[in-house]
Amino acid sequence: MSEPTTTPAARFTLDSAFAVGSVNPRLYGSFVEHMGRCVYTGIYEPGHPAADADGLRQDVLELVRELGVTTVRYPGGNFVSGYRWEDSVGPREERPARLDLAWRSTETNEFGLGEFMDFCAKTGTEPMMAVNLGTRGVAEAAQLLEYCNHPGGTELSDRRIAHGAKEPYGIKMWCLGNEMDGPWQIGHKTAEEYGRLAVETARAMRMIDPGLELVACGSSGSGIATFASWEATVLEAAYDEVDYVSLHAYYEETDGDRDSFLASAVDMEHFIESVVATCDHVRARLKATKRINLSFDEWNVWYMSRSEAATPPDWDKAPRLLEDNYSVTDAVVLGSMLIALLRHADRVTSASLAQLVNVIAPVMTEPGGPAWRQTTFFPFAQASAYGRGRVLRVEVDSPTYPTARFGDVPLLHATAVTDDETGDITVFAVNRSQTDTLPLEIDLRGFDARTVAEHLVLADSDPEATNTADRPDRVTPHAATGTTLTDGVLHAELEPLSWNMIRLTRRQN
Ligand code: AHR
């Protein structure tokens, strides 16, 4: 392999006075769907040597905590559009097995709502529950909410108590269905149909618990023909009753066009800005004062082309579905997607990396075997650990490179977060060049003395390198050398095709 060459420097200035907004911890959410092996042999595997008394794999719980996940969306995804929540509660031996039409699998209901709440308690995560607006409607959503959140004294709330949960679950975040715009969705609807159903469901749910935060389905992707008009129609109907509109986006490398793949966040940022514009357009039309925020509740790298080629037999239990093995390149793209979310933290106040375990996931397991971190685990864990506080405005002056999909794109993609209590500043940066080192200069205008605490890099001489059960630590972040901060200017060299986290702490005199 030839030695990397160096491009002209990329630069930006950080000024404490210019901030995008505060990071909502819910930006670091994830997603557990009853699909493939996310639940069964993923988070739940009774009889596994690491399983606790409730069948939860403690090796996985530990990795989920290390990942720094804040919220967990559940139980789907496409699965939720056929979900009968009643099947998933009560004594296990009485729970029915059902066909899961969305994934052509058999759902045993061995793991259900109570087990999920147990998982949330043990991982310190907040549940984000979805209701079925595909095959079901207002009544079942209200009943599920009553079961979950009403203290007691009614048949449904007393049923929860009888099932062992004396205290109400107090679930705040609720998704009003999933991807209802998609023709693949069970109970797919037009925007008008869904808008009516969403507003009526929201009203009924708020009658039970006015403090809920409700997410209306936006488009399942910005490429779908109804994109933007869907959001506008749904919000015209439901604006007063909902708090968020959802966004979903998945990216993959196609036709060997890695340069465009590395620029996926250009599309993601455009998507976010288009949804913000649509929400604010409806706000203006309705003369409303409140703003609708964005819940980017499915995002990731997903090799859909590979998933389509590997279809397991119908009606298996926990089949291997969407078990993408992520490379260093994928991790750099995922890091860039995190940067895109942070750069819009004023409006993207909730997000869920889809999914958490085994299914397009940062954590992998083998049945009866180990659990390990995929390459994509690292940017997420670092961002969740240090990307808390105020996002500073970053306007990069960067050399560009040509891409087939997005035209000329800056080689540098970056954001910075400051923790006003500790005074720490963390810079997250991606070098999109496949061949060149990118020198970076940051002018820390308006910040007093800081020192470089660490500069961690995810990059590899083999951009295809992955972690596997046999080599779980093949790819891990390493420390960069030569990053300096002199007279308020930071100098760093970003390796080709790399994700970087640079932490600056207040200098102790
Ligand atoms: O995350 C996998 C699937 O992608 C979800 O079930 C669905 O909502 C989306 O299309």
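Every number for a ligand or one of its atoms is a count from 1 in the order of the listing.
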Review point. For F116, which of Y169, Y74, F31 qualifies under ring-ring contact (aromatic ring centres under 6.0 Å, His included)?
Key: Y74
Point to revise | Those atoms of ligand 1 less than 4.0 Å from some heavy atom in W103 | key: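 Numbered from 1, ligand 1 contributes 3 (C), 6 (O).
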Review point. Where on N178 is there a heavy atom closer than 4.0 Å to ligand 1, on the side chain, on the backbone, on both, or on neither?
Key: side chain
Practice item. May I ask you to identify, for F79, whether its side chain, its backbone, both or neither come under 4.0 Å of ligand 1 on a heavy-atom basis? Key: neither
Point to revise | Set of side chain to side chain donor-acceptor pair (under 3.5 Å) partners for R432, sequence neighbours left out | key: none
Check your understanding: Does any donor atom in the side chain of Y40 or E110 lie under 3.5 Å from an acceptor atom in the other side chain?
Key ->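 No, E110 and Y40 have no side-chain donor paired with an acceptor closer than 3.5 Å.
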Review point. Side chains of T466 and N325: is there a donor and an acceptor less than 3.5 Å apart?
Key: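 Present: a donor and an acceptor within the cut-off.
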Which residue and non-hydrogen atom of the protein lie closest to [atom], and at what distance in Å?
atom                    : result
atom 1 (O) of ligand 1  : Y250 OH, 2.8 Å
atom 10 (O) of ligand 1 : E179 OE1, 2.8 Å
atom 6 (O) of ligand 1  : E33 OE1, 2.6 Å
atom 2 (C) of ligand 1  : Q355 NE2, 3.5 Å
atom 9 (C) of ligand 1  : E298 OE1, 3.0 Å

Exercise for review: Would you check if the side chain of T125 reaches a backbone N or O of T123 as a donor-acceptor pair within less than 3.5 Å?
Suggested key: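 No; zero donor-acceptor contacts below 3.5 Å.
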Practice item. Considering non-hydrogen atoms only, spot the tightest contact between R159 and Y147 and give its length. Key: C-CE1, 3.9 Å
